[in-house]
Every structure is written in structure tokens, then in C-alpha cells.
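Here's the structure we're looking at; comments come further down.
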Amino acid sequence: MRNGSGEKTMLLLAVVALLAIVSGCGPGAAATPRGDIVQTRQGMLRGVVAGDHRTFSGIPYAAPPVGDLRWRAPAPPPEWDGIRDATRAGSSCAQPDGGGGLLGSEDCLYLNVNAPADTSVRRPVMVWVHGGGFVSGNGSDYDTTRLVQQGVVVVTVNYRLGALGFLLDGDDPAAGDFGLADQQAALRWVRDNVEAFGGDPQNVTLFGQSAGAFSVCTQLASPQAQGLFHKAIIQSGPCADLVVTAEVARDRAAQWASTLGCADIACLRSKPVSDVVVVDQEQVSTPLGRLRDMPWVPVAGTAVLPVQPIDALRQGAAKGIPVIQGTTRDELRSFVADEYDKRGNPLTAEQYPQVVGQVFGADAPAVLAEYPLDRYPSPGIALATLLTDWGAKVGSCAALRTDEVAGQTTDVYGYEFAQDDGHRTDGFDLGAEHSGELPYLFGPANALSDNLIKFWVTFAKTGNPGWPRYSGGKVLSLGLDRIGEVDFAANHHCAFWSGRPA
């Protein structure tokens with residue numbers, strides 16, 4: 001805790017103003033502190049001013065969840081004396097490095113703020129939740145500058161991942177959904193502090209992709225997140241078919257803890273974080289397996305998430321919160337390529353009905369009749385197409401169900417990202433793949449990128465992106481050559497999939 005923090009803060013502000021005068025900033029500089037210094041509730045921050053925007057990185061929004069705070073709800077952030085350096089991002093949350101080791105650390109509950117340098121008007125705020133299957137990712141990996149240049153404040157967030165974020169064990173009120181509780185703590189920090197960066201705490205858009213989009217769905221459904229954001233953008237993470245029940249989560253937790261030789265949460269807290277992450281890494285071995293049975297996901301039936309997100313939407317959880325919701329046209333192609341082609345064994349015509357049979361059982365003949373092999377350029381494309389349409393986790397018809405349900409109580413704007421950049425993996429055409437929109441949202445400028453950013457920022461400002469609300473299975477298709485309405489339901493065979501288990 002700070003000692004005499006009020007007096008010290010006043011003194012520091014006076015020093016900053018004095019420095020502005022003596023450094024030649026002109027006679028009016030004393031009235032406005034330097035642009036790279038911001039006062040938050042926890043203390044002062046020094047960031048970086050770069051032309052038309054300024055960034056503040058590695059800001060703690062909660063106490064480090066280490067030691068006895070492992071597997072506990074996020075505690076209040078620390079306070080500090082003096083001016084804290086906010087020129088570098090904090091650590092990513094502990095996650096597998098892809099080679100059997102550890103990346104990041106448990107001390108990871110940091111966020112980053114990118115804001116226009118001009119603070120003369122209060123700006124809409126966009127809070128980005130990264131993807132990564134709830135086991136990987138980092139908020140600071142995303143360059144939000146082009147969004148900020150359109151007049152919004154953007155906040156990117158880290159949250160606990162894997163077992164550290166989603167273990168249902170112990171008696172903590174956030175058990176099972178620590179990662180979601182982290183996101184809510186970050187949103188509370190935004191509510192309490194973003195005005196200091198020129199943001200409007202009463203106009204916050206929560207947006208994310210893949211696991212980040214599923215996170216947005218869960219926050220729409222969580223009573224504890226009510227009032228913390230006012231609009232939502234869901235990119236390739238429909239609000240159906242992902243969240244596990246508390247019963248399933250407890251069984252998984254017990255099985256997982258046994259691999260570490262533990263029977264209770266106290267034992268688990270004593271284990272090195274590297275052991276926890278390595279066990280996470282070994283949960284599911286194949287890309288399609290990870291998609292179908294992701295080892296760590298949010299849990300329904302907890303204090304943080306009482307009901308499944310799709311049921312919460314059905315009950316009106318999104319009422320008054322406008323939503324953009326959509327997918328990429330060829331979501332599952334990259335997963336099929338990872339499963340087969342990258343392993344040197346492209347799916348064959350003989351294997352195609354076998355795989356469909358393994359997935360759909362007695363329903364396989366109907367699926368094969370709907371997706372005959374001779375309609376597609378390869379067995380892999382056929383499989384990827386039907387899996388994309390089907391709706392396992394990120395599928396098209398799951399997105400359609402979300403549009404239909406949420407649209408009963410709020411304004412929903414559906415889209416499909418259809419840009420095919422010609423990417424191939426070992427000869428496999430990836431099409432408009434999962435995550436394909438991210439380079440356009442966070443990368444260099446081009447016509448499609450300009451339009452995508454314009455739509456997202458316009459929505460953050462007004463609640464309407466500039467295209468018609470979802471209706472009758474039709475959504476806006478986004479591509480370099482064409483932006484216009486498509487019959488999403490017909491293109492993805494959603495009438496066929498209606499009523500079939502996801």
C-alpha cells in the first residue's frame with residue numbers, strides 16, 4: 001500500500017508540469033501534464049507517445065495469481081508510489097511452448113491501453129480478448145494502432161489459461177472459471193480507469209476471436225459481467241456447443257489432478273507451474289481432437305457462469321446489448337490440414353466415409369448423401385466443408401443458431417469473412433480459414449482492412465456497423481472483391497443440420 005499517496009501524487013504531478021515548462025513546451029504546458037504520463041487509481045504510469053496515439057503496456061489489473069492466490073478469484077491490483085514504467089508488455093500467461101516446455105508465467109494479469117494522443121474528447125472503448133483455445137495466446141500480440149487511429153481507445157487483456165484458468169476444484173467462488181473472472185476484473189479496471197486515457201466507461205465494446213469470442217459469449221451470459229460492457233463482437237466463437245457442465249468439469253479435474261499425484265487443491269498449489277502446463281500440453285494429441293474435446297473451457301453451473309451461454313441468450317441476457325456475430329467461410333479447413341496434410345497423410349477417398357462414420361455414427365449415411373465426395377475437389381475439402389457447416393465449436397450453423405436466438409431480444413448483425421488469400425498447406429487450399437480476418441483487423445492497410453475496421457469502429461461508436469440486422473439466414477459477406485449479402489443458411493446446409501446434435 002502507498003504511504004501518503006495523495007501528497008506524493010500531487011507532488012509528482014507538479015514535477016511533471018514543471019518539467020514540461022523547462023523542456024520548452026511553452027507557457028501553456030503547465031496546465032496539461034505530459035501525454036506519456038497518466039494517473040490511474042493504482043498510481044501513475046509512463047507510456048509511449050508515437051505521433052497520433054499513445055500506448056501504456058503491462059498494466060496490472062489484478063494481483064499476481066501466484067502462491068496461495070493460484071486457483072482463486074482475482075484479487076485487487078497493487079498500488080505503487082512514483083511513476084510506473086508502462087512501456088513494455090507484461091508476461092503472457094503460463095502456457096505450453098509447443099515443445100514440451102513452459103512459455104510465460106503465472107504473474108500475467110496485465111492489460112495494455114492504446115489511445116489517441118488527442119484527449120480533448122471522450123472516446124468509445126474496445127476491449128479485446130485474445131483467442132488460442134483457452135490454452136495459449138497473449139493480449140500484447142495484437143497491434144491495435146489502426147483501430148485507434150479511427151477514434152477509439154483499445155484495451156488488450158491477458159487472462160489465465162489452461163488448468164490455471166479453468167480447473168473446477170476447491171471452494172473458491174470463481175472455481176472453474178478463473179479465466180472468465182480475470183476478464184471481468186479487467187473490465188472493472190477499464191470502468192474505473194479508462195477515463196484517464198480519454199475513454200468513455202459508459203461506451204465499452206467487448207470483442208474477441210475464437211476462444212476470445214467464446215469468452216464474449218460467456219460474459220454476455222454472466223450476471224457478474226452485467227453493466228461492464230455495452231456492445232459485443234463475436235468472431236468465430238458462437239455461443240453454442242462449447243461450455244461444459246460442472247459435472248463433466250469436476251470429473252476432468254479429478255482425472256487431471258491424479259496425473260500430478262494430487263487429491264486436493266492444496267497439493268495442486270504446491271506443484272511447480274511447469275508441471276501444470278506440461279500436463280496441459282499432453283491432454284489431447286491431434287488438432288481435430290483439440291477442437292472436439294478441448295481440455296480446458298469455461299464451465300456452466302458455477303457462480304461466474306450459472307447457465308449455458310445459448311440458454312442465457314434465450315432468456316434475454318443480451319437484451320439491450322447490440323451484437324456483431326460471425327465466422328469465416330471455411331473455418332475448419334486449417335484444422336483438417338493440420339490433422340492430415342501436415343502429417344504427410346492427406347485424407348483419401350477410402351478414409352472419407354470412415355471418418356464421417358466415426359464422427360456421426362448412425363447419422364453418417366445421411367451426412368455422406370448431403371456431402372457426396374464427387375462434389376468437392378478432394379476428400380479433405382469435403383470433410384472440412386461438412387465440419388465447417390455442422391457446427392462443432394466454431395461452425396457456421398452454430399453461428400446461425402446464435403444469430404437466431406440473440407436476435408429475439410437484441411440487434412444482431414451477422415457476417416461471414418469470405419476472403420481467400422490463396423494460402424495452402426502442403427497443397428491443401430485453406431480458403432477463408434479460421435483466424436483469416438485477424439491480419440485485416442490488426443495488420444497493414446488495404447481496401448478490405450479499411451472496411452473491416454470501419455465497420456467495427458462504427459459499431460463501437462453507434463451500435464450499428466452500417467449493414468442491415470440479421471434476418472432470415474442472410475448475413476453480410478466480407479471480401480476484397482465483394483461486400484454484400486449472402487444466403488448463409490443455404491450456403492452452409494443449415495436446414496440439413498437443424499435438429500442434429502452438434
Side-chain angles (χ1 to χ4, degrees), residues 61-62 65 71-76 109 111 125-131 134 139 155 157-161 164-168 170-192 201-202 204-235 237-249 294 296-325 393 402 405-406 408-410 412:
Y61 68 82
W71 290 307
R72 294 197 186 279
L109 299 186
L111 55 77
V125 181
M126 302 182 74
V127 178
W128 174 254
V129 186
H130 69 76
F134 294 108
V155 180
V157 176
N158 288 353
Y159 55 97
R160 280 173 282 183
L161 303 166
L164 293 167
F166 298 96
L167 181 75
L168 182 54
D171 58 1
D172 191 274
D177 291 313
F178 298 103
L180 302 184
D182 293 342
Q183 295 166 15
Q184 292 171 0
L187 286 167
R188 288 192 294 272
W189 186 95
V190 169
R191 178 196 62 196
D192 295 341
Q202 299 304 313
V204 176
T205 298
L206 187 63
F207 71 135
Q209 185 266 345
S210 195
F214 288 121
S215 296
V216 175
C217 286
T218 61
Q219 301 302 354
L220 281 168
S222 175
Q224 297 179 8
Q226 286 186 0
L228 294 178
F229 63 99
H230 313 94
K231 306 178 188 73
I233 302 176
I234 301 166
Q235 300 173 214
C239 298
D241 308 332
L242 178 77
V243 176
V244 299
T245 65
E247 181 181 11
V248 170
M294 296 165 70
W296 299 110
V297 294
V299 181
T302 67
V304 175
L305 187 62
V307 300
Q308 291 279 350
I310 194 71
D311 293 333
L313 291 180
R314 197 171 283 116
Q315 296 163 14
K319 186 175 182 180
I321 302 176
V323 174
I324 289 177
Q325 201 275 139
K393 314 305 185 196
T402 300
V405 171
Q408 299 300 310
T409 60
T410 194
V412 175

pair [X]-[Y]: side-chain heavy atoms closer than 4.5 Å:
| X | Y | result |
| --- | --- | --- |
| Val125 | Phe229 | no |
| Phe214 | Cys239 | no |
| Pro74 | Gln184 | no |
| Val323 | Thr402 | no |
| Trp189 | Val155 | no |
| Phe207 | Lys231 | no |
| Leu187 | Gln224 | no |
| Gln219 | Leu228 | no |

Any donor and acceptor pair, going by atom type alone, linking the side chain of [X] with main-chain N or O of [Y] inside 3.5 Å?
| X | Y | result |
| --- | --- | --- |
| Gln308 | Val243 | yes |
| Tyr61 | Asn158 | yes |
| Ser222 | Val304 | yes |
| Asp172 | Ala73 | yes |

Exercise for review: Please work out which of the three classes, parallel, tilted or perpendicular, describes the rings of Phe166 and Phe134, given edges at 30° and 60°.
Suggested key: perpendicular
Review point. Taking everything shown except Gln315 itself, do over 12 heavy atoms lie less than 6.0 Å from its CD?
Key: yes
Can you tell me how far [atom2] of [Y] sits from [atom1] of [X], rounded to the nearest 0.5 angstrom?
| X | Y | atom1 | atom2 | result |
| --- | --- | --- | --- | --- |
| Thr218 | Leu305 | OG1 | CG | 6.0 Å |
| Gln408 | Leu313 | CD | CG | 11.0 Å |
| Leu111 | Tyr159 | CG | OH | 14.0 Å |
| Phe178 | Leu161 | CZ | CG | 14.0 Å |

Nearest heavy-atom neighbours spanning [X] and [Y]:
| X | Y | answer |
| --- | --- | --- |
| Thr302 | Val299 | OG1-O, 3.5 Å |
| Ala213 | Ile234 | CB-CG2, 3.7 Å |
| Val244 | Ala249 | CG2-CB, 4.1 Å |
| Val307 | Ala300 | C-CB, 4.0 Å |
| Ala221 | Ala317 | CA-CB, 4.3 Å |
| Ile321 | Thr410 | O-OG1, 3.0 Å |

Point to revise | Under 3.5 Å side-chain donor-acceptor pair for Ser215 and Gln183 | key: yes
